[in-house]
Number of protein chains: 2
Amino acid sequence: MRSEDIAKLAGVSRSTVSRVINNYSNVPEETRAKVLKVIEQHQYEPNSFARALAGKKTDTIGLFAISMNEKENTTRIYQNNYFAPFVDAVVDTANARGCYVLIHTVYSPDDFLKVKQAFLQKRIDGGIIVGTQKDIDIVREMVGLDSPLVLIDYDISEIMSEHLDRNHLAVVNSKDYEGATEAIEYLIGLGHAEIGIICGRMNTYSGRERYMAYEDTLKRHGLPLNENFILQGDFLKETAYDEVKKLLASGGPLPTAFFSSNDDMAISAMEAFSEQNIAVPEEMSIAGFDDIQMASRIQPKLTTVRLPIYEMSKAAVEKVIELCDSQQPTFSTISFPARLIARDSCQPPKQ
Amino acid sequence: MRSEDIAKLAGVSRSTVSRVINNYSNVPEETRAKVLKVIEQHQYEPNSFARALAGKKTDTIGLFAISMNEKENTTRIYQNNYFAPFVDAVVDTANARGCYVLIHTVYSPDDFLKVKQAFLQKRIDGGIIVGTQKDIDIVREMVGLDSPLVLIDYDISEIMSEHLDRNHLAVVNSKDYEGATEAIEYLIGLGHAEIGIICGRMNTYSGRERYMAYEDTLKRHGLPLNENFILQGDFLKETAYDEVKKLLASGGPLPTAFFSSNDDMAISAMEAFSEQNIAVPEEMSIAGFDDIQMASRIQPKLTTVRLPIYEMSKAAVEKVIELCDSQQPTFSTISFPARLIARDSCQPPKQ
DNA sequence: CTGAAAGCGCTTACAG
DNA sequence: CTGAAAGCGCTTACAG
């Protein structure tokens, strides 16, 4: 069934059929009704490719999740507790706005070709990239494609200094620095003076921000920065588990609290401690970041920093759509607060 | 940049450009190289819509997650521990096969229009539907669209009796009945005689299968079926929590073990019990179904039935692609085993 | 081996 | 208000 067929059946031309489909105002109500009736009777839907070819939008946005450093065969991306809610929220919002979403994951630099193709082949009106690593070259390349693009979680100052701030681009961030600061000050307020950190991947924006907040806050409070208490994680639970075990095995002194750069690692750390009979929170306080679903379902319930993922995703979707609609290349950026959710995994240090 | 431009630059016709893009054999190596060079220089990618219009495939498959009974504003679909891994695995497999995936969620019957449109508008070559409820009318309608379609988790006998088994259709299931049977027999083997169940949504195939396994197995072993121990759940954690609390509040006798139709509910039940100081597994054994990520990270680690989601998803993707490629309408079905993973949440009943 | 031409199914000036 | 026509960017018989 093509518009031609509908036209014949309704006794009009394809032009008219097209006009009613596209809601042109200059179609008499009677004609419109006649055409609409035939369309409904036959469940006609215009071929989306033909429409797109003829200049309409695709009504599809791309969602690309970058997860370069994930190890093979371990947690994949949607089981990744960080990405899953973004995917969830983006699809949700986009669907509600009548957009389809094309999803692609990127595990290696080669996979990037696919996301470039999605743009170049005109499969999508615009795209959202989440989880970009610190790699201004890739960002430059993507921005160079000159399609509406929204980056979730990327260092704005880097974009500014590279003068990438005047294309069809928007950046949506969360205030990780402030959120992490709040968590650490909470720990300090509880009386902790020896605070360790499990780092995230330092080549991501959030990984660095969360770490910097840790370092700055300790310094500001005149607290020692003990190298042994700075565990090199990568956001993955296995690594955090191993690092904690290693610290424990070393037999050296322990901090009284740990701030973990994400919940997944915080929970592994809890496991590692409890296996060594170090009670959380009695003997060791742990705070996480992200507030993943599991955080409130384990024992003790995890104190963490909540990321406003839904709001961020929604903003990202609205931004791409806005960029698709507007002619003027604009650059914009928006940052959402991340706030502490105090639960049961932290308490004052033992005397 | 269009094929026309490439053609000019390479000194050939569009036809030839198209031939090299589509890997026709009758292009001399020299010509091919010349064209390829220009293509690469300009990062040219053929417009996917034009290709599709001209008869090529879209190289896109649809993934539709149906979640009709989810309550508003509560767990959305990708945070849904059942769907997330399917999405993960499907995207993964499809991407690896060079396919894009178009995702859409269905929360209400109205949303179904969108999935129909995706087919009708020819946006995708074929689709995968996961989470279809027992609604043969919708299935009939989808199958009637006459596009390659794979159903994950649907009652095959229903399809057979409706004679829907000769279209571009495939069904991918897991052996929930056998898996649930294994779990219940394990409980029985441990010595439990009073076994309760937390039901899933009975309008889904897996909800019914898991329940039937429970009923049949108890009967086969001559064990009593106590109505009070049959909790009406719907796969959602909140409902399970409430139901367990209600049972506890009733003050009536308790079973010594519960089989929960999914892990999410099993974990809620554990919470509810522990809040009433009923120790799991000492005083109450609990077995779940799905083996979600959280199952092995909570205390006690949950005994559950593992669903081979990755294999199922992979089969689904391969099946749609196969259906897209083949001319003959075929019907096929494949069923994957689900097996018990015994962990720490079950033990023999207290004397 | 390769180009000219028709066709895929739409949309949108253009002309009336 | 509405139809004929051009055009979107490809692919693929067809003819040579």
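For clarity, every value in this text was computed on a predicted model and none was experimentally measured. In the text below, chain A, chain B and the rest are named by the order of the sequence lines, each starting its count at 1.
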Mind checking [X] for me? I need base, sugar-phosphate or nothing, with any heavy atom below 4.0 Å counting as a touch.
X      : answer
T31(B) : sugar-phosphate
T16(A) : sugar-phosphate
N47(A) : sugar-phosphate
K56(B) : sugar-phosphate
S3(A)  : sugar-phosphate

[X] has a side chain; which of [options] sits nearest to it?
X      : options                  : result
R2(B)  : dG9(D), dG9(C), dT2(C)   : dG9(D)
R19(B) : dC10(C), dG3(C), dC14(C) : dG3(C)
L53(B) : dG9(C), dG3(D), dT11(D)  : dG9(C)
N26(B) : dT2(C), dG3(C), dT11(D)  : dT2(C)
Y44(A) : dC10(C), dT2(C), dG3(C)  : dC10(C)

Can you measure [X] atom [atom1] to [N] atom [atom2] for me and round it to whole angstrom units?
X       : N       : atom1 : atom2 : answer
M1(A)   : dC8(C)  : CE    : P     : 14 Å
I39(A)  : dG9(C)  : CD1   : C1'   : 14 Å
Q121(B) : dT11(C) : CD    : C1'   : 15 Å
E4(A)   : dT11(C) : CD    : C1'   : 14 Å
L120(A) : dG9(D)  : CG    : C1'   : 14 Å
I21(B)  : dT12(D) : CD1   : C1'   : 14 Å
F49(B)  : dG9(D)  : CZ    : C1'   : 12 Å
K34(A)  : dC1(D)  : NZ    : P     : 14 Å

- Whom does dA4(C) pair with, Watson-Crick or G-U wobble, provided both distances fall under 3.5 Å?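 Its partner is none (no Watson-Crick or G-U wobble pair with both distances under 3.5 Å).
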Rounded to the nearest 0.5 Å, what's the gap from [atom1] on [X] to [atom2] on [Y]? Could you check?
X       : Y      : atom1 : atom2 : result
S3(A)   : I39(A) : OG    : CD1   : 9.0 Å
K122(A) : T60(A) : NZ    : OG1   : 14.5 Å
I21(A)  : R14(A) : CD1   : CZ    : 11.5 Å

Looking at [X], does any N or O in its side chain come under 4.0 Å of the phosphate oxygens OP1/OP2 on [N]?
X      : N       : value
N22(A) : dT11(C) : yes
S15(A) : dG3(D)  : no
Y24(B) : dT12(D) : yes

Is any side-chain N of the basic residue among [X] and [Y] closer than 4.0 Å to the acidic one's carboxylate O?
X       : Y       : answer
D111(A) : K114(A) : no
K319(B) : E322(B) : yes
K314(A) : D92(A)  : no

- Task: Could you pick out which residue, R14(B) or S25(B), lies toward the 5' side of DNA chain C when each is mapped onto its nearest nucleotide?
- Result: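 So the residue in question is S25(B).
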